[in-house]
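These notes concern the structure reproduced below.
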Amino acid sequence: MDFFEDILVGTSTPLGSHSFFAEEIISFARTFDPQPFHLDAVVGARMHFGGLAASGWHTAAIAARLRAQAIARHHAELRGQGKRVPRIGPSPGFKNMKWLRPVLAGDTVTFVSEITSKKPSASRPEWGLVFTHETGTDQHGREVFALDDCVFVERIEA
């Protein structure tokens with residue numbers, strides 16, 4: 001992520017892809033979301049999911065990890081070019097999280113972040129708020145995950 005002033009609304013950034021395999025789905029579910037359809041392929045196949053389904057929280061966690069990794073890669077590039085790297089503050093929250101289709105064992109989901117708007121922070125002049133729409137699309141081109149996010153980004157001039 002660039003400094004607030006350099007961020008262009010409408011810019012889309014590929015965050016990366018992740019393949020969801022049975023072992024990882026089950027491991028995540030055991031720890032964080034032990035629903036039968038996340039733990040057992042037979043149970044998942046009997047339900048409307050049609051197979052072993054990843055927890056929606058698993059999908060969200062992968063999206064967040066890929067977003068953080070994409071920002072880290074971009075900041076490494078900036079440092080490699082001798083440029084300053086902006087501070088990224090906390091997220092004041094997200095909204096409209098949607099799990100649109102089940103993510104099944106063997107699916108590969110590709111995540112993208114699009115800048116939808118931005119505004120200077122009214123209470124913290126050294127920061128701006130950047131709003132994004134994050135999506136995850138499976139290998140068949142079907143959107144499986146979406147959310148609207150917000151993050152504080154350092155301004156060049158306060």
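The residues of the chain are indexed from 1 along the displayed sequence. The structure presented is a predicted model; accordingly, all values stated were derived computationally and were not measured.
Under the 4.0 Å criterion applied to side-chain N and carboxylate O atoms, Arg155 and Glu5 are assigned as salt-bridge partners.
Side-chain heavy atoms closer than 4.5 Å link hydrophobic residues (I, L, V, M, F, W, Y) into clusters, and following such links, possibly through other members, connects Met97 to Phe111. Linking Ile, Leu, Val, Met, Phe, Trp and Tyr whenever their side-chain heavy atoms come within less than 4.5 Å puts Val109 and Phe94 in one cluster. With hydrophobic clusters built from ILVMFWY side chains whose heavy atoms lie under 4.5 angstrom apart, Leu147 shares a cluster with Leu66. Note on Ile88: it clusters hydrophobically with Ile7, by side-chain heavy-atom contacts below 4.5 Å among ILVMFWY residues. By the rule that hydrophobic residues join a cluster once side-chain heavy atoms approach within less than 4.5 Å of another member, Phe28 and Ile25 end up as members of one cluster.
With contacts defined as side-chain heavy-atom distances shorter than 4.5 Å, the pair Arg67/Asp149 qualifies. In this structure, Phe145 and Ile62 have side chains that are not in contact, with every pair of non-hydrogen atoms separated by 4.5 Å or more. Counting only heavy atoms from C-beta outward, the side chains of Pro14 and Thr110 never approach each other to under 4.5 Å. Contact annotation: the side chain of Phe37 never approaches that of Arg46 to less than 4.5 Å [non-hydrogen atoms, C-beta and beyond]. The shortest distance between side-chain heavy atoms of Glu24 and His58 falls below 4.5 Å.
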*asked:* Using side-chain contact (heavy atoms from CB on, under 4.5 Å), reason through Asp107 and Gln139 one step at a time and then give a plain yes or no.
replied: CA-CA 7 Å; Asp107 283 350; Gln139 70 275 12; 2.9 Å; yes

*Walk me through it: do Phe152 and Arg87 pass the test side-chain contact (heavy atoms from CB on, under 4.5 Å)?*
CA-CA 9 Å; Phe152 281 100; Arg87 292 178 296 149; over 6 Å; no

*asked:* Show, in sequence, the C-alpha distance, side-chain angles and deciding distance for Ile156 and Asp6, and conclude whether the side-chain contact (heavy atoms from CB on, under 4.5 Å) test is met.
replied: CA-CA 9 Å; Ile156 296 171; Asp6 297 328; 3.7 Å; yes

*Derivation and outcome, side-chain contact (heavy atoms from CB on, under 4.5 Å), residues His140 and Arg101*: CA-CA 12 Å; His140 304 292; Arg101 299 182 64 85; over 6 Å; no

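Within 6.0 Å of CZ on Arg65 lie more than 12 heavy atoms contributed by other residues, nucleotides or ligands. Within a 6.0 Å radius of CZ in Phe49, more than 12 heavy atoms belonging to other residues, nucleotides or ligands are found.
Side chains of Asp2 and His74: a donor on one and an acceptor on the other come within 3.5 Å.
Closest heavy-atom contact between Cys150 and Ser91: O-OG, 2.6 Å. Residues Leu15 and Arg73 come closest through the heavy atom pair O-NH2, 3.6 Å. In plain terms, the two heavy atoms of Pro36 and Val43 that are nearest each other are CB-CG1, 3.7 Å. Heavy atoms only, all atoms of each residue included: Phe4 and Leu129 are closest at CE1-O, 3.6 Å. Shown here for Val130 and Val153, the closest heavy-atom pair between the two residues is CG2-CG2, 3.6 Å. The shortest heavy-atom contact between Leu78 and Arg84 is CD1-O, 4.2 Å.
By the side-chain hydrogen bond (donor to acceptor under 3.5 Å, both in side chains) test, Glu23 is found to be paired with no residue, residues two or more places apart in sequence or in another chain being considered. Ser12 pairs by the side-chain hydrogen bond (donor to acceptor under 3.5 Å, both in side chains) definition with nothing, not counting sequence neighbours.
How far OG1 of Thr135 is from CD of Glu114: 8.5 Å, rounded to the nearest 0.5 Å. Between the OG1 atom in Thr116 and the NE2 atom in His133 there is a gap of 8.5 Å [rounded to 0.5 Å]. In this structure, the separation between OG on Ser55 and CZ on Phe20 is 9.5 Å, given to the nearest 0.5 Å. Rounding to the nearest 0.5 Å places CG of Asp138 at 11.0 Å from OG of Ser17. Going from atom NE2 of His38 over to atom CD1 of Ile26 covers 11.5 Å, rounded to the nearest 0.5 Å.
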